[in-house]
Amino acid sequence: MKKIKFGILLGICAGIIDIIPMIAKKITWDANLSAFFLWVIAGFFIAAADIKLKGALKGLLVSFLLLIPVAFLVWYSDTSSIIPMAISTVILGASLGFLIEKYGK
């Protein structure tokens, strides 16, 4: 359970990091909340998943799986946002996976 709480805490941190530039660009609050909670949920699932991958790879996999539904909605309304979303998912997802594996025990 400690690992899951740590994953959620790191997910909150990743969510805050992700929405700071969104707030600066005056993106709507529904998009900000969606991005924030994607990372909170990603932290939970990365910590709880029993996938036999190294931490960073597990973080990438789980984060991109969670991003897929959101990406379709964003792609429909603003295709130029997909690349920044993918880049932040690579950075934050791998970081979450690495940190949860290393310090979440």
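Annotation: side chain to side chain contact (heavy atoms under 4.5 Å, CB included) contacts of Ile87 (sequence neighbours excluded): Ile83, Ile91. Partners of Phe36 according to the side chain to side chain contact (heavy atoms under 4.5 Å, CB included) rule, which considers only residues two or more places apart in sequence or in another chain, are Ile12, Ile16, Ile19, Val40. Contacts of Phe64 classified as side chain to side chain contact (heavy atoms under 4.5 Å, CB included), with partners at least two apart in sequence or in another chain: Leu60, Leu67, Ala86, Thr89, Val90. Applying the side chain to side chain contact (heavy atoms under 4.5 Å, CB included) rule to Leu99 yields the partners Leu10, Tyr103; only residues at least two apart in sequence or on another chain are considered. With sequence neighbours excluded, the residues that form a side chain to side chain donor-acceptor pair (under 3.5 Å) with Ser80 are Asp78.
One finds the CG atom of Leu66 at 14.0 Å from the CZ atom of Phe37 (value rounded to the nearest 0.5 Å). Note: Phe44 CZ to Ile100 CD1 = 11.0 Å, rounded to the nearest 0.5 Å. Note that CD1 of Ile46 and CD1 of Ile4 are 12.5 Å apart. Values are rounded to the nearest 0.5 Å.
Residue pairs meeting the salt bridge (charged side-chain N to carboxylate O under 4.0 Å, His left out) criterion with at least one partner in residues 88-105, sequence neighbours excluded, do not occur; the list is empty. For the side chain to side chain donor-acceptor pair (under 3.5 Å) condition, the pairs that include at least one residue of residues 52-68, sequence neighbours left out, are Asp50-Lys52. Screening residues 35-44 for side chain to side chain donor-acceptor pair (under 3.5 Å), with sequence neighbours left out, gives Asp18-Trp39.
Ile41 and Leu73 are assigned to two separate hydrophobic clusters, defined by single-linkage of ILVMFWY side chains at heavy-atom distances under 4.5 Å. In this structure, Phe98 is a member of the same hydrophobic cluster as Ile8, with clusters built from ILVMFWY side-chain heavy atoms closer than 4.5 Å.
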Atom pairs and distances, donor-acceptor, side-chain atoms in residues 28-35, under 3.5 Å, two or more places apart:
residue, atom, partner, partner atom, Å
Thr28, OG1, Asp30, OD1, 2.3
Asn32, ND2, Ile27, O, 3.3

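In the hydrophobic clustering, where aliphatic and aromatic side chains (Ile, Leu, Val, Met, Phe, Trp, Tyr) are joined below 4.5 Å either directly or transitively, Tyr76 stands alone.
Side-chain atoms of Ile51 and Val62, non-hydrogen and from C-beta on, do get closer than 4.5 Å to each other.
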